[in-house]
A.B. asks: 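My questions will all concern the structure given below.
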Amino acid sequence: MNPERVVASRHVARVIRCTPEQVYEFAVDPANLPTWAAGLANSPVTIDGDRLIAESPMGSVTVRFVPRNDLGVLDHDVTLPSGTVVNNPVRVLSHPNGAEILFTVRQIELSDEEFERDLDMVAEDLKRLAEVLEAQ
């Protein structure tokens, strides 16, 4: 950890008109990642034990999710092509209109412009997730 550099974090959220359980079960399934998480996986995901290997816009990345749980926690570590590991906290929460998914984006190895681009990509991913689930 570099104590001289403060890493910025921003939260991106989306309300989805489905139950939190429906959102969690769809989002936690690695086979569904290319359907909605284009910022992470733009092709089918390879499963290798507890790791997922995906081709992303950044290059080949390795993803490790926390174990399945009944708390709506979808935290995952992404190992970037540089070897840097980025922890991504993600929660599926109950919401009066169904569920809310909350994704924390951190500015690690990114310029301000790249960080804004990542925030936009996450927002688009969550929008796509809502569209897919609400169409079912």
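Note that the numbering runs from 1 along the sequence shown for the chain.
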A.B. asks: Can you check side-chain contact (heavy atoms from CB on, under 4.5 Å) on Val78 and His76, steps first, answer last?
C.D. replies: CA-CA 6 Å; Val78 178; His76 55 284; 3.6 Å; yes
A.B. asks: Could you work out, with side-chain hydrogen bond (donor to acceptor under 3.5 Å, both in side chains) as the rule, every residue matching Asp75, not counting sequence neighbours?
C.D. replies: Arg91
A.B. asks: Would a single hydrophobic cluster contain both Val15 and Val23, if residues Ile, Leu, Val, Met, Phe, Trp and Tyr are joined by side-chain heavy-atom contacts under 4.5 Å?
C.D. replies: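 No.
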A.B. asks: Please list all pairs passing the ring-ring contact (aromatic ring centres under 6.0 Å, His included) test where one or both residues lie in residues 112-136, with sequence neighbours left out.
C.D. replies: none
A.B. asks: Between Val63 and Asp77, does the side-chain contact (heavy atoms from CB on, under 4.5 Å) criterion hold? Intermediate values first, please.
C.D. replies: CA-CA 6 Å; Val63 183; Asp77 290 335; over 6 Å; no
A.B. asks: Report yes if some heavy atom in the side chain of Lys127 is under 4.5 Å from a heavy atom in the side chain of Asp125; otherwise report no.
C.D. replies: no
A.B. asks: side-chain hydrogen bond (donor to acceptor under 3.5 Å, both in side chains) with Glu114: which residues, sequence neighbours excluded?
C.D. replies: Ser111
A.B. asks: List the residues meeting side-chain hydrogen bond (donor to acceptor under 3.5 Å, both in side chains) with Glu25, not counting sequence neighbours, and say none if there are none.
C.D. replies: Arg68
A.B. asks: Side-chain heavy atoms under 4.5 Å apart, restricted to Ile/Leu/Val/Met/Phe/Trp/Tyr: what other residues fall into the cluster of Val85, or is it alone?
C.D. replies: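 Under the 4.5 Å side-chain rule, Val85 groups with nothing.
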A.B. asks: Applying side chain to side chain contact (heavy atoms under 4.5 Å, CB included), name anything that partners Ser60, two or more places apart in sequence or on another chain.
C.D. replies: Ile53, Glu55
A.B. asks: For a quick test of your reading: what N or O donor-acceptor pairs under 3.5 Å do the side chains of residues 98-106 make, sequence neighbours left out?
C.D. replies:
from	atom 1	to	atom 2	distance (Å)
Thr104	OG1	His11	ND1	2.9
Arg106	NE	Ser9	OG	3.4
Arg106	NH1	Asn87	O	3.2

A.B. asks: By side-chain hydrogen bond (donor to acceptor under 3.5 Å, both in side chains), which residues pair with Arg117, not counting sequence neighbours?
C.D. replies: none
A.B. asks: Which is it for Phe65 and Asp50 under the side-chain contact (heavy atoms from CB on, under 4.5 Å) test, yes or no, and what are the steps along the way?
C.D. replies: CA-CA 8 Å; Phe65 279 89; Asp50 68 342; over 6 Å; no
A.B. asks: Residues sharing Val73's hydrophobic cluster, by side-chain heavy-atom contacts under 4.5 Å among ILVMFWY, directly or via others?
C.D. replies: Val66, Leu71
A.B. asks: Using modelled atom types only, decide if a donor and an acceptor are shared between the side chain of His95 and the backbone of Leu93 within a distance under 3.5 Å.
C.D. replies: no
A.B. asks: Sequence neighbours left out, what passes side chain to side chain contact (heavy atoms under 4.5 Å, CB included) with Glu116? Give chain and number order.
C.D. replies: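 Checked Glu116 against side chain to side chain contact (heavy atoms under 4.5 Å, CB included); matches are Arg10, Leu119.
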A.B. asks: For residues Val92 and Pro20, report the shortest heavy-atom separation together with the two atoms involved.
C.D. replies: CG1-O, 3.5 Å
A.B. asks: More than 12 heavy atoms of other residues, nucleotides or ligands under 6.0 Å from CD of Gln136: is that the case?
C.D. replies: yes
A.B. asks: Just how far is it from atom CH2 of Trp36 to atom CG of Leu126, taken to the nearest 0.5 Å?
C.D. replies: 6.5 Å
A.B. asks: Quick one: list whatever passes side chain to side chain contact (heavy atoms under 4.5 Å, CB included) with Ile47, sequence neighbours left out.
C.D. replies: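 Ile47: side chain to side chain contact (heavy atoms under 4.5 Å, CB included) contacts with Pro30, Leu52.
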A.B. asks: If only side-chain N and O atoms count, and only distance matters, is there a donor-acceptor pair under 3.5 Å linking Asp118 with Gln107?
C.D. replies: no
A.B. asks: My understanding is that only residues two or more places apart in sequence, or in another chain, count here; which of them pass side chain to side chain contact (heavy atoms under 4.5 Å, CB included) with Thr84?
C.D. replies: Leu80, Ser82, Val86, Ile108, Glu109
A.B. asks: Got Leu129 and Phe26 here, is their nearest side-chain heavy-atom distance under 4.5 Å?
C.D. replies: yes
A.B. asks: Mind listing the closest non-hydrogen atom pair of Arg14 and Ala130 along with its distance?
C.D. replies: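 Looks like NE-CB, 4.0 Å.
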A.B. asks: When you measure from the side chain of Gln22 to the backbone N and O of Thr19, does any donor-acceptor pair fall under 3.5 Å?
C.D. replies: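 Looks like yes, one N/O pair under 3.5 Å.
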